[in-house]
Each structure stands twice: as structure tokens, then as C-alpha cells.
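Worksheet for the structure shown next.
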Amino acid sequence: MCLTPEALAMFLNLLSPDIIDVEPNRITVRAEVRDAVWLATGDKWCTDADRTNAAHHLDRAMP
């Protein structure tokens, strides 16, 4: 999933600043299950957290 810088800023403003780590070209949102890492890619910020979380849930659902 990719967001514009403005959309990512709006999303991050909904979260507690205590769970956000900012580095150049990288933003990490710490969570109980798994962190979401956002990377600057051109004019957008992208994460694969949605795919990673979906795969995790599918793996847990398989017998």
C-alpha cells in the first residue's frame, strides 16, 4: 500500500507519537503484533504491512 505524504501525515496524526519512530526515508509504527514500516519511494510512502498481515492471518487459519 502506498500513500501520499499528506495522507500518511493524516494517518500518523491519529496515532500516539510514542509508537512512531522516524528516520530519513523510513517511518516505523510499532504495534503489539508486528511493526509497520513505511519507506519513501519516489513521491509516495509505501508499506507491505497489509500483505504481511494478510499472509499471517491466512497461515494461522490453515490447519
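Because the structure is predicted, anything quoted here is derived from the model rather than measured. Heads up: numbering here begins at 1 and tracks the sequence.
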* Does the pair M1 and W45 meet the rule for a side-chain contact (heavy atoms from CB on, under 4.5 Å), with working shown? -> CA-CA 8 Å; M1 167 192 319; W45 285 85; over 6 Å; no
* To do: Would you sort out whether I20 and T28 count as a side-chain contact (heavy atoms from CB on, under 4.5 Å), showing the intermediate values?
  => CA-CA 6 Å; I20 301 170; T28 303; over 6 Å; no
* Heavy-atom pair of closest approach, residues T41 and C46 ->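 In this case the closest contact between T41 and C46 is OG1-SG, 3.1 Å.
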* Apply side chain to side chain contact (heavy atoms under 4.5 Å, CB included) to A31 and list each qualifying residue two or more places apart in sequence or on a separate chain. =>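 So A31 forms no side chain to side chain contact (heavy atoms under 4.5 Å, CB included) with any residue.
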* A7: side chain to side chain contact (heavy atoms under 4.5 Å, CB included) partners, not counting sequence neighbours ->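 A7: side chain to side chain contact (heavy atoms under 4.5 Å, CB included) contacts with L3, T4.
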* Would you say I27 and L8 make side-chain contact, with heavy atoms under 4.5 Å? ->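 Answer yes - side chains close enough.
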* With clusters built from Ile, Leu, Val, Met, Phe, Trp and Tyr whose side-chain heavy atoms come within less than 4.5 Å, directly or transitively, what are the remaining members of the cluster of V37, listed by chain and number? ->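 Members alongside V37: L39.
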* **Pairs where residues 9-19 contributes a residue and the test side chain to side chain donor-acceptor pair (under 3.5 Å) is met, not counting sequence neighbours** =>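 Residue pairs with at least one partner in residues 9-19: there are none.
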* Asked: Is it the case that one hydrophobic cluster holds both V22 and L15, taking links as side-chain heavy atoms less than 4.5 Å apart, direct or via other members?
  ->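 Yes, because V22 and L15 connect within a single hydrophobic cluster, where side-chain heavy atoms sit under 4.5 Å apart.
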* To do: With sequence neighbours left out, write down each residue that passes side-chain hydrogen bond (donor to acceptor under 3.5 Å, both in side chains) with D35, or none if nothing qualifies.
  =>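 So D35 forms no side-chain hydrogen bond (donor to acceptor under 3.5 Å, both in side chains) with any residue.
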* To do: Name all residues meeting the salt bridge (charged side-chain N to carboxylate O under 4.0 Å, His left out) criterion together with R26; count only those two or more places apart in sequence or in a different chain, and write none if there are none.
  =>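 None.
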